[in-house]
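Written out below as structure tokens is the structure these notes cover.
In the text below, chain A, chain B and the rest are named by the order of the sequence lines, each starting its count at 1. Small disclaimer: the values here were computed from a predicted structure and weren't measured. Hydrogens, waters and symmetry mates are skipped; everything else that's a heavy atom, side chains included, is used.
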Protein chains: 2
Amino acid sequence: MTATHAPDPGLSLRERKKLRTREALIGTALDLFSERGFDGATLDDLCEAVEVSKRTFFRNFTSKEDVVMAPTQDMWMAFTEELDRRAPDGGTLLEFLQDALLAAVDRMNDQDWPTRVRLSRRLAARTPSMDAHGLHFCDCTIRTSLATLHHRLAFDDPRDPRPRLALDLLVAATRCAMETWVDLPREPGRTAFAGELRAAFAAIPSTVTLPATPRGTAPGGSD
Amino acid sequence: MTATHAPDPGLSLRERKKLRTREALIGTALDLFSERGFDGATLDDLCEAVEVSKRTFFRNFTSKEDVVMAPTQDMWMAFTEELDRRAPDGGTLLEFLQDALLAAVDRMNDQDWPTRVRLSRRLAARTPSMDAHGLHFCDCTIRTSLATLHHRLAFDDPRDPRPRLALDLLVAATRCAMETWVDLPREPGRTAFAGELRAAFAAIPSTVTLPATPRGTAPGGSD
DNA sequence: TCAATTGTGCCACTCAGTGGCAAAAACCTA
DNA sequence: TAGGTTTTTGCCACTGAGTGGCACAATTGA
């Protein structure tokens with residue numbers, strides 16, 4: 001934990017240093033907040049631990065919540081990039097979106113991305129303001145992606161709500177998958193996460209036709 | 001605007017007074033923030049306008065964002081109540097949820113509910129923290145409703161993600177409908193909102209099969 | 001009229017987040 | 001290696017959201 005990642009070469013010393021303090025802030029924040037709770041540690045505590053001024057913190061992150069959500073946000077940013085790059089292969093829009101997300105997960109090859117996401121999600125589960133921040137980021141991702149879709153794909157009606165619903169569905173399934181994956185025993189890595197994603201995606205089509213059966217209706221069928 | 005609602009009779013004087021300051025806070029907050037921006041007016045400004053101490057404000061609302069989201073939250077609370085009350089009629093789960101929401105909208109018979117929702121949503125659209133708060137409340141609604149569904153309906157597998165996906169779909173469609181309804185010319189009331197809801201609901205089924213057609217693919221079909 | 005209850009006002013306090021400016025580190029050129 | 005330029009950081013003071021405590025006022029019920 002709090003591993004000092006060797007930033008990619010090919011960057012100037014300045015850029016590497018900046019990346020390193022950014023990583024240090026993320027790692028230390030996850031450790032600190034996981035141990036003492038999100039409200040149990042102040043920003044000053046965090047900055048002191050990383051030996052950085054509060055001013056510097058806010059040059060790297062927009063809020064106290066933001067630093068903890070960085071791992072998940074990285075994934076969603078990779079997703080929007082994939083949407084821009086990949087060519088649709090003749091399948092449905094939902095399949096296109098799912099492929100893009102799986103490709104994005106595949107790019108999260110930082111060795112402790114899974115650990116960080118787990119810590120992050122567990123914190124979010126018991127910190128309303130963090131969860132709200134995460135949801136808002138997802139919503140921003142949806143809007144950005146929607147613009148990309150309209151730019152790259154052809155829809156009959158520019159006001160058709162279905163592309164947007166498809167994106168919402170993708171995000172919902174992802175959150176579903178992540179929730180179960182986070183608490184999986186033995187804490188498996190991103191391959192297992194991809195598996196949960198596929199399972200959640202597979203459940204989508206029959207969601208629409210799922211019947212509402214009252215509880216207590218015997219299989220025999222009286223009532 | 002800032003209409004002094006006559007609180008329901010049958011309440012003690014204390015309760016009526018409390019409701020009245022609550023309503024005054026909501027109405028004044030919407031006016032104040034709409035005019036000067038959410039960040040352009042402080043809580044102290046609001047409290048001074050309503051002639052109430054800041055301490056009292058926080059006994060009625062959890063945050064500055066919360067007071068502005070009250071109108072929409074009322075609707076979602078009515079929705080969860082409807083879920084508890086209504087009996088499924090043999091249709092799909094999604095239809096059951098949609099009926100419950102339409103019934104909830106039907107209960108929003110306060111004469112200036114539409115105006116308040118409009119002001120509220122327009123503020124949220126340009127205030128990230130407000131939007132985040134609203135999304136988080138929706139998420140809480142989903143969790144509450146999911147528990148209700150599992151309590152009242154019979155599902156094969158308690159871990160089946162589909163009920164949750166159905167709720168997410170409902171919320172997404174609702175947000176869609178609200179977004180278009182808010183900016184409708186002539187600012188029609190909740191009947192028009194119900195219409196937008198039905199339209200968004202109708203788009204759900206074919207969302208799953210919507211093809212991803214690359215832009216520029218001529219109808220003739222060369223490429 | 002007198003308790004008990006409950007909502008309110010006031011005050012001081014913590015902490016997130018911002019703006020400005022000066023110092024330092026890194027970069028580039030000669 | 002010395003120069004000036006640019007970027008990043010540290011420091012400091014400030015605003016404003018949100019909390020806790022306690023005394024006071026209003027409603028309620030007897």
Side-chain angles (χ1 to χ4, degrees), chain A residues 7-26 28-29 32-33 36-70 123-124 127-134 136, chain B residues 7-26 28-29 32-33 36-70 123-124 127-134 136:
Chain A
D8 321 50
L11 294 175
S12 74
L13 175 56
R14 253 209 285 257
E15 284 164 319
R16 269 177 290 162
K17 267 199 167 178
K18 189 161 189 179
L19 265 189
R20 202 170 286 145
T21 61
R22 184 190 149 86
E23 289 299 311
L25 280 169
I26 296 175
T28 312
L32 206 57
F33 296 152
R36 294 161 49 182
F38 186 73
D39 296 323
T42 69
L43 272 186
D44 291 310
D45 295 338
L46 172 60
C47 291
E48 196 179 354
V50 188
E51 289 181 304
V52 151
S53 84
K54 205 167 55 167
R55 204 71 191 77
T56 299
F57 174 88
F58 281 107
R59 286 193 195 94
N60 284 279
F61 302 98
T62 63
S63 70
K64 193 185 179 188
E65 288 78 21
D66 195 40
V67 63
V68 187
M69 299 311 261
L123 274 169
T127 312
S129 71
M130 263 186 64
D131 203 32
H133 189 270
H136 183 251
Chain B
D8 320 51
L11 293 175
S12 75
L13 175 54
R14 250 209 283 261
E15 286 163 318
R16 270 177 290 161
K17 266 198 168 179
K18 189 163 188 178
L19 264 190
R20 202 169 285 146
T21 62
R22 184 190 149 86
E23 289 299 313
L25 280 169
I26 296 175
T28 313
L32 206 56
F33 296 152
R36 293 161 50 182
F38 187 73
D39 296 321
T42 71
L43 272 187
D44 292 308
D45 294 337
L46 172 59
C47 291
E48 195 179 354
V50 187
E51 289 180 303
V52 152
S53 82
K54 203 166 58 167
R55 203 71 190 76
T56 298
F57 174 89
F58 281 107
R59 286 195 195 91
N60 284 278
F61 303 97
T62 63
S63 69
K64 192 185 179 188
E65 286 79 19
D66 195 40
V67 62
V68 188
M69 298 313 262
L123 274 168
T127 313
S129 71
M130 264 187 62
D131 202 32
H133 188 270
H136 182 250

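- Computed from coordinates, the A:Leu19 CG to D:dT8 P distance equals 11 Å when rounded to whole Å.
- Of the residues near DNA chain D, A:Lys18 and B:Phe58, the one whose nearest nucleotide (by heavy atom distance) lies more toward the 5' end is A:Lys18.
- Nearest nucleotide to the A:Glu65 side chain, out of C:dG17, C:dT8, D:dG18: C:dG17.
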*Under the side-chain contact (heavy atoms from CB on, under 4.5 Å) rule, what do B:Asp45 and B:Arg36 come out as? Steps first, then yes or no, please.*
CA-CA 11 Å; B:Asp45 294 337; B:Arg36 293 161 50 182; 2.9 Å; yes
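- Taking all atoms of both residues into account, the shortest heavy-atom contact from B:Ser129 to B:Glu65 is OG-OE2, 3.0 Å.
- Between the P atom of C:dT18 and the CZ atom of A:Phe61 lies a distance of 14 Å, rounded to the nearest Å.
- One can find a donor-acceptor pair under 3.5 Å joining the base of C:dG19 and the side-chain atoms of A:Arg55.
- The pairing partner recorded for D:dC12 is C:dG19, the criterion being a Watson-Crick or G-U wobble arrangement whose two distances lie under 3.5 angstrom.
- Close to C:dC10, at under 4.0 Å from its OP1 or OP2, lies no side-chain N or O of B:Ser53.
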*Would A:Phe61 and A:Ile26 satisfy side-chain contact (heavy atoms from CB on, under 4.5 Å), going step by step from the backbone distance to the final call?*
CA-CA 10 Å; A:Phe61 302 98; A:Ile26 296 175; 3.6 Å; yes
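- Side-chain N/O atoms of B:Lys54 and base N/O atoms of C:dG9 include no donor-acceptor pair closer than 3.5 Å.
- Put simply, CZ on A:Phe57 is 21 Å from P on D:dC12, counting in whole angstrom units.
- Rounded to whole Å, the distance from NZ on B:Lys64 to P on D:dG18 is 8 Å.
- Pairing partner, C:dA30: D:dT1, with both Watson-Crick or wobble hydrogen-bond distances short of 3.5 Å.
- Separating the CZ atom of A:Arg16 from the P atom of C:dA26 is a distance of 11 Å, rounded to the nearest angstrom.
- Rounding to whole angstrom units, CD of residue A:Glu51 and P of D:dC11 are separated by 11 Å.
- For the pair B:Thr127/B:Phe33, no side-chain contact is recorded, criterion being any heavy-atom separation below 4.5 Å from C-beta on.
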_A:His133 vs A:Thr62, test: side-chain contact (heavy atoms from CB on, under 4.5 Å). Steps then yes/no._
CA-CA 11 Å; A:His133 189 270; A:Thr62 63; 4.0 Å; yes
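- Here D:dT9 presents its C1' atom at 17 Å from CD of A:Glu48, a figure rounded to the nearest Å.
- Nearest nucleotide to the A:Arg59 side chain, out of C:dG9, C:dA16, D:dG10: D:dG10.
- Between A:Lys17 and C:dA26, a side-chain N or O to OP1/OP2 separation shorter than 4.0 Å is present.
- As rounded to whole Å, 8 Å separates atom P of D:dG16 from atom CG of B:Asp45.
- Between B:Thr21 and A:Ser63, the residue anchored closer to the 5' end of DNA chain C is B:Thr21, taking for each the nucleotide with the nearest heavy atom.
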